[in-house]
Amino acid sequence: MPTTAILGLQWGDEGKGKLVDSLCADMDLCVRFQGGGNAGHTVYPEGKKIVLHHLPTGVLHKGCINIMAQGMVIDPARLLDEIHEVEARGYALKDRLLISDRAAVTTPMHLSLDGLREAGADKVGTTKRGIGPTYSDRYDRIGVRMADLLDKEALAEALQRAIAVRACQMGDSAPTVQSMIGPLLEMGNRLKPYVADTALTQSEAIKEKQRILFEGAQGAMLDVIQGTYPFVTSSHTLASGIPAGAGLYLGVDDIIGVSKAYCTRVGEGPFPTELNDASGEALRQKGGEFGATTGRPRRCGWIDLFALRYVCRISGVTRLAITKLDVLSAFGDLKVGVGYEGWNQPGLPADIRRFSALKPVYKTLPGWKEDISKVRGAGDLPKTTREYLRFLEEFVGVPIGIISVGPEREASFFTAGAPKG
Ligand code: GDP
Ligand code: IMO
Ligand code: MG
């Protein structure tokens, strides 16, 4: 299949990075199309951990070209640190990394604005990477773009425009053009070899039928429109975000939606199947559920199949990837959310107060005792695990295509649907 996407179906951290890493061995191009340094994608190339924030995970495969497309927001200081770290690990990026000249730039002002906003009463629990203010500036048409970092006059103009609008929010703490322009230009100069019109590169690649993987960040429930607004990120995380974010029109052939076998969330906002008890703590400890970007403990709960079915429909998911199945071993009975009390609609409420009031209805399924972390084929899973997967697949109505039972590269396998028998 020439075009594939890996998208999160929950509130992020589903194990997207690990799966992108597995699939990139056979890809020509890996494209990040939204988000920025708020992402934290954990991978274990050659058994040693690395966490990618801005860089597409394909950087860990020497035959793969990596694109940071125009839908992204980029903090040049953190990106340069990441490039340094990845190159120090032996993955040279020269001629393998392309950064869109139209991507939005996060400046120190955006970091301050994110901090100011989060210090208030209506905080979202952001990663404080300046994501919201950077996207706001783009849509307010006062943003700085990668191309501006390469031209002193353009940058001065762009910074002045943004400061003029933002000053009323920042008061005395508003920065000056002089305080920001020097370091930004210097970083622009270092990033210059990578900056390109990436939409053109991709359109050429599509014409040549190259294999392209679109790497999603965050998850469907954090989508700025369709997610649990206002407790969301500021970008389009669904498949519909790919064309505009990547900068081309195309239908993606294979949309792989990733879900943990349970569910987590970081930051504020409703989470109907959250477990504030010993089971939630056990999931956190067994699953190592601490943020890859901020280190915050992740909130944990049962998988919500009702929400999963909804986001699969609106994102056109063609295959499910179920990760962290190993974490559920020896858990006793397992619950899965199949609806909400008194809620008879096929979708989810748009109003956050109604969403927050949802009380889940569970189905209880038998668990399994066996350690499955060494299993490498769907048919070798215990019978109860296979039944669990089958229930999940039938409820959601999308075939399971990948199963993951550990953080390592080799700890996932393809399957043509939930294993039978
Ligand atoms: P991403 O943001 O979707 O790429 O996911 P994160 O990297 O933030 O979080 C997923 C965490 O789970 C990482 O620590 C991975 O190493 C780990 N992980 C991924 N898949 C599995 C799995 O199948 N089993 C276990 N036990 N850990 C996994
Ligand atoms: P990956 O790609 C989990 C959450 C934050 C907060 C909300 C808004 O690793 O799955 P932002 O900084 O984007 O303005 O924060 O979104 N969030 C994530 N949660 N994984 C992520 O990325 C996230 N990126 C943002 O915790 O609730
Ligand atoms: Mg993550």
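The analysis underlying the following values was restricted to heavy atoms, covering all of them including side chains, and did not include hydrogens, waters or symmetry mates. Worth saying up front: this structure is predicted, and the values here are computed from it rather than measured. FYI, the numbering just counts along the sequence from 1. For ligands, and for the atoms within them, numbers begin at 1 and follow the listed sequence.
For a threshold of 3.5 Å applied to N or O pairs, the pair formed by K16 and ligand 2 contains at least one separation below that value. In terms of polar-atom proximity, defined here as any N/O pair under 3.5 Å, R129 makes no such contact with ligand 2. Close N/O approach between G40 and ligand 2 is found [any backbone or side-chain N/O within under 3.5 Å]. Inclusion of H41 in the set of residues having an N or O under 3.5 Å from an N or O of ligand 2 is warranted. In terms of polar-atom proximity, A292 is not counted as a contact of ligand 1, lacking any N or O under 3.5 Å from an N or O of the ligand. For K18, no nitrogen or oxygen atom sits less than 3.5 Å from a nitrogen or oxygen atom of ligand 1, counting backbone and side chain alike. Considering backbone and side-chain atoms alike, D13 places an N or O below 3.5 Å from some N or O of ligand 1. Backbone and side-chain nitrogen or oxygen atoms of E268 are examined, and none is located within less than 3.5 angstrom of a nitrogen or oxygen of ligand 2. Close N/O approach between V266 and ligand 2 is found [any backbone or side-chain N/O within under 3.5 Å]. Note: an N/O pair closer than 3.5 Å links G17 and ligand 1 by distance alone.
Only the backbone of W11 comes within contact range of ligand 2, with a heavy atom under 4.0 Å; no side-chain atom does. Under 4.0 Å from ligand 1, not a single heavy atom of V258 appears.
Residue contact check for ligand 1: G406 places a non-hydrogen atom closer than 4.0 Å to it. Ligand 2 has no atom lying under 4.0 Å from any heavy atom of S234. For V232, the heavy-atom gap to ligand 2 drops under 4.0 angstrom. In this structure, A292 falls outside the shell of residues with a heavy atom less than 4.0 angstrom from ligand 2. Put simply, part of R298 is less than 4.0 Å from ligand 1, judged by heavy atoms.
Looking at atom 22 (O) of ligand 2, its nearest protein heavy atom turns out to be Q218 NE2, 3.4 Å. The protein heavy-atom contact nearest to atom 2 (O) of ligand 1 is G40 O, 2.9 Å. Of the protein's heavy atoms, K324 NZ, 2.8 Å lies nearest to atom 12 (O) of ligand 1. The nearest protein atom to atom 23 (O) of ligand 1, hydrogens excluded, is given as S404 OG, 2.5 Å; this is a heavy-atom distance. Counting only heavy atoms of the protein, atom 12 (O) of ligand 2 lies nearest to T127 OG1, 2.6 Å. Nearest to atom 3 (C) of ligand 2 among the protein's heavy atoms is D13 OD2, 3.2 Å. Of all protein heavy atoms, the one lying nearest to atom 6 (C) of ligand 2 is G125 O, 3.1 Å. At the top of the distance list for atom 16 (O) of ligand 1, counting protein heavy atoms only, stands P407 CB, 3.4 Å.
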Would E268 and K123 count as a salt bridge (Lys or Arg N to Asp or Glu O under 4.0 Å) if you check the C-alpha gap in whole Å, the side-chain angles of each, and the deciding distance to 0.1 Å? CA-CA 8 Å; E268 308 296 318; K123 71 180 173 127; 3.6 Å; yes
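Listed by number with element, the atoms of ligand 2 under 4.0 Å from a non-hydrogen atom of L222 are 4 (C), 16 (O), 17 (N), 18 (C), 19 (N). Interface atoms of ligand 2 facing R296, defined by a heavy-atom separation under 4.0 Å, are 5 (C), 26 (O). Every atom of ligand 2 is numbered from 1 in the order shown, and the set under 4.0 Å from a heavy atom of G267 is 27 (O). Close approach of ligand 2 to T233 is summarised as follows: ligand atoms under 4.0 Å from at least one heavy atom of the residue are 8 (C), 11 (P), 13 (O). Atoms of ligand 1 found under 4.0 Å from any heavy atom of H41, numbered from 1 in the order shown, are 1 (P), 2 (O), 4 (O), 7 (O). Residue contact check: V405 has heavy atoms under 4.0 Å from atoms 23 (O), 24 (N) of ligand 1. Residue Y44 approaches ligand 1 through these ligand atoms, each under 4.0 Å from one of its heavy atoms: 16 (O). Under a 4.0 Å criterion applied to the non-hydrogen atoms of A217, ligand 2 contributes the atoms 2 (O). Of all atoms in ligand 1, numbered sequentially from 1 with element shown, those under 4.0 Å from a heavy atom of V327 are 26 (N). Within the listing of ligand 2, atoms 1 (P), 2 (O), 9 (O), 22 (O) sit less than 4.0 angstrom from a heavy atom of A39.
Of all protein N/O/S atoms, those lying under 2.8 Å from the Mg ion (ligand 3) come to 2.
Within the set T126, T294, T42, V73, the minimum heavy-atom distance to atom 14 (O) of ligand 2 is found for T126. Nearest residue to atom 15 (C) of ligand 1 from I322, D326, T42 is T42 (criterion: closest heavy atom).
Between W368 and Y388, the ring centre distance stays below 6.0 Å.
Using a cutoff of 4.0 Å between basic side-chain nitrogens and carboxylate oxygens, R284 and E281 are scored as salt-bridged.
In this structure, the separation between OG1 on T107 and CG on D148 is 11.5 Å, given to the nearest 0.5 Å.
Under the 3.5 Å distance criterion, with hydrogens and angles disregarded, no donor-acceptor pair is assigned to the side chains of Y91 and E85.
In this structure, K18 contributes its side chain and A411 its backbone to a donor-acceptor pair below 3.5 Å.
By the 6.0 Å and 45° rule, R409 does not stack over the aromatic ring of Y44.
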